[in-house]
Amino acid sequence: MEIYKVLYNIINNLLGPINQIAQISGMLQAMAAAAERVFEFLEEPEEVNTAKGKIDTSKLKGNVEFNHVKFGYDPEKTIINDFSAKVKEGQKIAIVGPTGAGKTTMVKLLMRFYDVTDGAILVDGHNVKDFERGELRKMFGMVLQDTWLFGGTVRDNIKYSKEDATDDEVIEAAKAAHVHHYIKTLPNGYNSVINEESSNISAGQKQLLTIARVILADPKILILDEATSSIDTRTEIQIQAAMDNLMEGRTSFIIAHRLSTIKNADLILVMNHGDIVEQGTHDELLEQGGFYADLYNSQFDEGEE
């Protein structure tokens with residue numbers, strides 16, 4: 001028995017340093033990967049200021065035109081080949097297509113996170129390159145799949161988009177977002193504190209608060225990225241009603257994954273491999289029996305299974 005104890009201690013003494021070496025090796029690899037990303041970021045060239053004077057965005061209405069847009073993250077590999085579309089103020093435009101079709105890329109180009117390789121994007125006749133980036137982005141409001149709230153009161157989270165907003169404006173925005181009643185049920189109402197991880201509030205209420213934030217900002221153009229994808233059915237109805245209020249009178253770009261949610265869009269742009277392969281209303285595209293119809297029917301087939 002004593003021999004076994006001795007052997008056990010010897011094995012433990014051998015394995016301890018080996019485990020430590022393995023842990024250190026993993027930490028070094030993670031550190032090297034993180035350092036590579038940091039230096040890659042630091043080596044990125046500064047954004048070039050191409051603005052031609054100051055454009056008064058308060059007078060713009062939200063007409064958008066994509067004029068033969070071409071783009072590639074790698075100059076040698078074009079992913080948006082020839083994208084053209086005209087969007088009138090107040091229209092709801094759905095952008096649909098399979099993963100990797102270029103839907104999100106078009107939004108990034110619209111907000112000038114990247115510049116087009118060729119062609120132009122115009123907002124009320126002004127090339128987006130003629131705007132100061134900060135001024136251009138103030139025209140946009142975004143509701144994404146992943147919500148973001150910070151540690152602070154409910155009021156402060158809603159006011160983040162307009163820090164000088166009055167309490168009445170905050171309440172009106174919350175009512176339009178169908179979240180006012182929920183806020184009133186909280187122990188301290190609008191003064192209730194959301195923790196750093198936002199774990200003391202449900203996913204659906206987070207989304208409604210972010211919608212209230214965008215309503216308060218009153219942007220000219222909206223970008224909606226399937227905000228109801230991970231929400232239960234009852235909350236989805238609330239969010240859809242809040243989003244309808246949000247989109248009223250504003251130009252809206254809806255990146256759609258579930259095609260059943262964009263039936264009432266004024267125009268549906270169907271993308272595949274960086275190009276618009278079809279465009280029209282929901283009914284028109286179903287009648288054509290093409291790419292969109294196949295996508296739409298395949299989703300229902302998957303649902304039945």
Side-chain angles (χ1 to χ4, degrees), residues 54-64 89-92 107 110-112 123-124 131-225 227-228 231 234-254:
K54 190 174 179 65
I55 299 172
D56 187 358
T57 56
S58 66
K59 295 180 180 179
L60 302 184
K61 297 179 178 179
N63 297 289
V64 178
E89 60 177 289
Q91 281 192 320
K92 296 177 186 177
V107 170
L110 183 60
M111 297 183 70
R112 277 203 79 194
V123 176
D124 284 286
F131 292 85
E132 290 281 354
R133 280 184 171 86
E135 289 300 310
L136 174 68
R137 291 167 189 167
K138 284 179 184 177
M139 293 182 64
F140 292 87
M142 301 182 74
V143 180
L144 307 177
Q145 288 181 7
D146 299 322
T147 56
W148 176 77
L149 299 175
F150 57 85
T153 65
V154 170
R155 178 183 286 102
D156 288 342
N157 270 277
I158 295 175
K159 285 179 67 173
Y160 185 75
S161 63
K162 186 181 178 184
E163 294 182 354
D164 60 348
T166 64
D167 286 350
D168 286 342
E169 288 175 325
V170 171
I171 291 170
E172 285 304 310
K175 286 180 177 178
H178 294 267
V179 73
H180 174 71
H181 175 73
Y182 166 76
I183 295 170
K184 296 300 287 183
T185 64
L186 296 174
N188 296 310
Y190 283 84
N191 293 318
S192 298
V193 176
I194 298 171
N195 62 33
E196 289 290 342
E197 296 79 23
S198 305
S199 57
N200 59 337
I201 185 170
S202 72
Q205 304 306 337
K206 285 183 196 176
Q207 194 62 276
L208 291 172
L209 286 175
T210 59
I211 291 173
R213 180 191 290 167
V214 176
I215 289 174
L216 185 63
D218 193 20
K220 296 285 194 309
I221 303 172
L222 292 172
I223 295 168
L224 309 174
D225 189 353
T228 60
I231 305 298
R234 183 179 176 183
T235 310
E236 181 178 354
I237 294 169
Q238 282 184 299
I239 291 175
Q240 200 61 55
M243 287 173 66
D244 287 341
N245 286 341
L246 176 60
M247 288 187 285
E248 189 174 347
R250 296 183 175 93
T251 306
S252 304
F253 291 90
I254 308 163

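From a predicted model like this one, the values you see are computed outputs, not experimental measurements.
A distance of 5.5 Å separates OG of Ser202 from OH of Tyr182, quoted to the nearest 0.5 Å. In this structure, Ile183 CD1 and Leu208 CG are separated by 9.0 Å, a value rounded to the nearest 0.5 Å. If you take CZ on Phe140 and NZ on Lys220, they are separated by 11.5 Å, rounding to the nearest 0.5 Å. The CD1 atom of Ile223 sits 7.5 Å away from atom CZ of Phe253, with the distance rounded to the nearest 0.5 Å. Remark: Leu209 CG to Ile194 CD1 distance equals 5.5 Å, nearest 0.5 Å. Note that CE of Met142 and OG of Ser161 are 14.0 Å apart. Values are rounded to the nearest 0.5 Å.
Taking the salt bridge (charged side-chain N to carboxylate O under 4.0 Å, His left out) definition, one finds that Arg133 meets it with Glu47, Asp115, sequence neighbours left out. Residues passing the side-chain hydrogen bond (donor to acceptor under 3.5 Å, both in side chains) test with Ser252, sequence neighbours excluded: none. For Asp56, the side-chain contact (heavy atoms from CB on, under 4.5 Å) partners are Ser58, Lys59, not counting sequence neighbours. For Ile171, the side-chain contact (heavy atoms from CB on, under 4.5 Å) partners two or more places apart in sequence, or in a different chain, are Lys175, His180, Tyr190. Partners of His178 according to the ring-ring contact (aromatic ring centres under 6.0 Å, His included) rule, which considers only residues two or more places apart in sequence or in another chain, do not exist here. In this structure Tyr160 satisfies the ring-ring contact (aromatic ring centres under 6.0 Å, His included) test together with Trp148, Phe150, sequence neighbours excluded. Under the salt bridge (charged side-chain N to carboxylate O under 4.0 Å, His left out) criterion, Glu169 pairs with Lys162, not counting sequence neighbours. For the side-chain contact (heavy atoms from CB on, under 4.5 Å) test, residues two or more places apart in sequence or in another chain that qualify with Lys206 are Thr147, Leu149, Ser198, Ile201. Under the side-chain contact (heavy atoms from CB on, under 4.5 Å) criterion, Asp218 pairs with Arg250, not counting sequence neighbours. Listed by chain and residue number, Glu135 satisfy the salt bridge (charged side-chain N to carboxylate O under 4.0 Å, His left out) test with Lys138 (two or more places apart in sequence, or in another chain).
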Kindly determine whether Leu222 and Val143 satisfy side-chain contact (heavy atoms from CB on, under 4.5 Å), including the steps that lead there.
CA-CA 8 Å; Leu222 292 172; Val143 180; 5.9 Å; no
Could you walk me through whether Thr251 and Asn63 pass side-chain contact (heavy atoms from CB on, under 4.5 Å), step by step?
CA-CA 7 Å; Thr251 306; Asn63 297 289; over 6 Å; no
Kindly indicate, with the supporting measurements, whether the criterion side-chain contact (heavy atoms from CB on, under 4.5 Å) is fulfilled by Met247 and Lys92.
CA-CA 8 Å; Met247 288 187 285; Lys92 296 177 186 177; 4.2 Å; yes
Take Asp225 and Val107 through the side-chain contact (heavy atoms from CB on, under 4.5 Å) test and state the conclusion after the steps.
CA-CA 10 Å; Asp225 189 353; Val107 170; over 6 Å; no
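Scanning both residues, Ala177 and Ile215, for their nearest heavy atoms gives N-CD1, 3.9 Å. Across all non-hydrogen atoms, the minimal contact from Val170 to Ala165 is CG2-CB, 4.3 Å. Across all non-hydrogen atoms, the minimal contact from Asp124 to Lys61 is OD2-N, 3.0 Å. For the residue pair Gly152 and Asn157, the shortest heavy atom distance occurs at O-ND2, 3.8 Å. Residue Gly62 comes nearest to Ile221 through the heavy atom pair CA-CG1, 4.2 Å, listed as atom of the first residue, atom of the second, then distance. In terms of heavy atoms, Ala173 sits closest to Ala212 at CB-O, 3.6 Å.
Counting only residues at least two apart or on different chains, the salt bridge (Lys or Arg N to Asp or Glu O under 4.0 Å) pairs with a member in residues 149-160 are Arg155-Asp167.
Within the 4.5 Å cutoff, the side chain of Ile158 has heavy atoms near those of the Leu216 side chain.
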